[in-house]
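Right, one structure below, let's go through it.
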Amino acid sequence: TEFTYNSLFYGICRRKDPNGASDLLREMCTNGHRPWIKNCTEMVQQLCFSGRITEALGFLEEMLKMGFLPDIVTYSAAMNGLCKTGEVDNALGLFRDISAKSYLPDVVAHNILINGFRLSGKLNEAQEIMEEMLEKGLFPSVVTYNLMIDVWCKSGNIEKAVDCLNKMVDEEKSPTVVTYTSLIDGLCGAGRPDEAIVLWHKMSDKSCAPNKIAYTAFVNGLCKCGRVETALTYYEEMMTKGFVLDTFSCLYFINALISNGNTTKGCELLKEVLQRDMTQGDDLKMVGLINKAVEVLSKDGRTSPEISILVEKGLISRAQTMGKKDGN
DNA sequence: CTAGGGTTAG
């Protein structure tokens, strides 16, 4: 029956086997059975995630040849795959292509393109897609607004981003933690930490709980604005809530503390970070941040004994404490 | 077995 075939089809799609899937589709076609499109979508998505976009697109072509039409959801998954590998122009091509074939891309399909352009830094194009969406009479979703807030912040248009938040409230589209995080990050990036702080508390007032990403963005952003001691209070709040700063952000924060003269706290946090499982510790950027912190801390009388202990324990290489230069 | 696709930091 159609169900039997679709069960097999499900299994083949889960194996990410586009050739096997095509073969089975051919058989279903001759027997007059309809494939369950959801399985195609999931395979396309999985193939894209593993970098096999060409195979995913080839499979969609095969489907078409057999007269099975992928729908907008399946095409959206393919467009997203293209965007995530930087092929946003090809994603746009596919979008135009299916639109010409009388598909009607919905809000999500537009969001995928907006995000694609956003990720590749083509901020004007991102805005154009949003305008196109409005012209088509589609209503932006919370995700659309969240994406556009980031686009406007990154193109130096903070006011538009702030307006966007107000518009969301007017339209009764509740801002989410993502909305607030993007805007807080944008405000800090624009050197407006006080407004970021106000917004942070507004977020809590709206009973929107910050998550790990929100805290990370806020702590990083405050440091970027030189508000390191303020960042420290939110860092501590973050810890009491059980959120952990990832290693990279923590090293960035440690260096900010040190530059700001708080070597004691910087050293304390460095010690904690070094005791973490540093399996990806060969990341050059992270090594650079560790070296930079160690260089200052080993010259500071209050922290140098602690650094010596860390060296003895083998958590820091001796080269890092000797003014490095030849380190790596 | 009629849904499945989209967003935040560094």
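Of the listed nucleotides (B:dA9, B:dT7, B:dA3), B:dA9 has the atom at the smallest distance from the side chain of A:D150. With distances taken from any side-chain atom of A:F248 to the nucleotides B:dG5, B:dG4, B:dG10, the minimum falls on B:dG10. Distance from the side chain of A:V178 is smallest to B:dT7 among B:dA3, B:dG4, B:dT7. Of the candidates B:dT7, B:dA3, B:dA9, the closest approach to any side-chain atom of A:K38 belongs to B:dA3. Distances from the side chain of A:S249 to the nucleotides B:dT8, B:dG5, B:dG10 place B:dG10 closest. Side chain of A:I213, nearest nucleotide from B:dG10, B:dA9, B:dG5: B:dA9.
A:Y10 and A:M66 end up in different hydrophobic clusters when Ile, Leu, Val, Met, Phe, Trp and Tyr side chains are linked at under 4.5 Å. Two different hydrophobic clusters hold A:W36 and A:L25 under the rule that ILVMFWY side chains link at heavy-atom gaps under 4.5 Å.
At B:dT7, one or more side-chain N or O atoms of A:K84 fall inside 4.0 Å of OP1 or OP2 (strictly under the cut-off). Side-chain N/O atoms of A:N6 include none lying less than 4.0 angstrom from OP1 or OP2 on B:dC1. Contact check, A:K224 against B:dG10: a side-chain N or O comes under 4.0 Å of OP1 or OP2. Phosphate contact (OP1/OP2 of B:dT8, side-chain N/O of A:R118, threshold under 4.0 Å): present.
The interatomic distance linking A:M238 (CE) with B:dG10 (P) rounds to 13 Å, in whole Å. Distance OH (A:Y10) to C1' (B:dT2): 15 Å, rounded to an integer number of Å. Atom-to-atom, CH2 of A:W200 to P of B:dA9 comes out at 14 Å; the value is rounded to the nearest Å. We find that CD1 of A:I254 is positioned 14 Å from C1' of B:dG10, with the value rounded to whole Å. Distance CZ (A:F9) to P (B:dT2): 16 Å, rounded to an integer number of Å. Computed from coordinates, the A:I114 CD1 to B:dT8 P distance equals 13 Å when rounded to whole Å. Here B:dG5 presents its C1' atom at 14 Å from CG of A:N39, a figure rounded to the nearest Å. The distance from atom NZ of A:K154 to atom C1' of B:dA9 is 9 Å, rounded to the nearest whole Å.
Contact of A:S182 with B:dT8 (side chain to base): no donor-acceptor pair of N or O atoms is detected under 3.5 Å.
The pair A:E195-A:R192 meets the salt-bridge criterion, since a charged nitrogen lies less than 4.0 angstrom from a carboxylate oxygen. Of the charged side-chain nitrogens involved, at least one lies within less than 4.0 Å of a carboxylate oxygen, so that A:D150 and A:K154 count as a salt-bridged pair. Taking the charged nitrogens against the carboxylate oxygens, A:R26 and A:E62 do have a contact shorter than 4.0 Å, which makes a salt bridge. By the 4.0 Å N-to-carboxylate-O rule, A:E268 lies too far from A:K271 to be salt-bridged with it.
With sequence neighbours excluded, no residue forms a side-chain hydrogen bond (donor to acceptor under 3.5 Å, both in side chains) with A:E125.
Less than 4.0 Å separates DNA chain B from at least one heavy atom of each of the following residues of residues 216-223 of chain A: A:T216, A:A217, A:N220.
Within the 4.0 angstrom heavy-atom criterion, no nucleotide atom of any strand lies near A:A214. Within the 4.0 angstrom heavy-atom criterion, no nucleotide atom of any strand lies near A:Y252. Nucleic acid contact for A:I184: none, since no nucleic acid atom lies under 4.0 Å from a heavy atom of the residue. When heavy atoms are screened at a 4.0 angstrom cut-off, A:L113 is found touching no nucleic acid atom at all. Counting any heavy atom pair closer than 4.0 Å across all strands shown, A:D185 reaches sugar-phosphate atoms only and no base atom. Within the 4.0 angstrom heavy-atom criterion, base atoms lie near A:V177. Nucleic acid contact for A:D71: base, since at least one base atom lies under 4.0 Å from a heavy atom of the residue. Looking at heavy-atom distances under 4.0 Å, A:T179 makes no contact with the nucleic acid at all.
Applying the ring-ring contact (aromatic ring centres under 6.0 Å, His included) test to pairs two or more places apart or on separate chains, those with a residue in residues 238-261 of chain A are A:Y215-A:F243, A:Y235-A:F253.
Each of A:L119, A:L147, A:L123, A:V143 was evaluated against A:I114; a single residue qualifies, A:L147, per the side-chain contact (heavy atoms from CB on, under 4.5 Å) test.
Remark: ring of A:Y180 not stacked against base of B:dT8; the cut-offs of centroid gap under 5.5 Å and plane tilt under 30° are not jointly satisfied.
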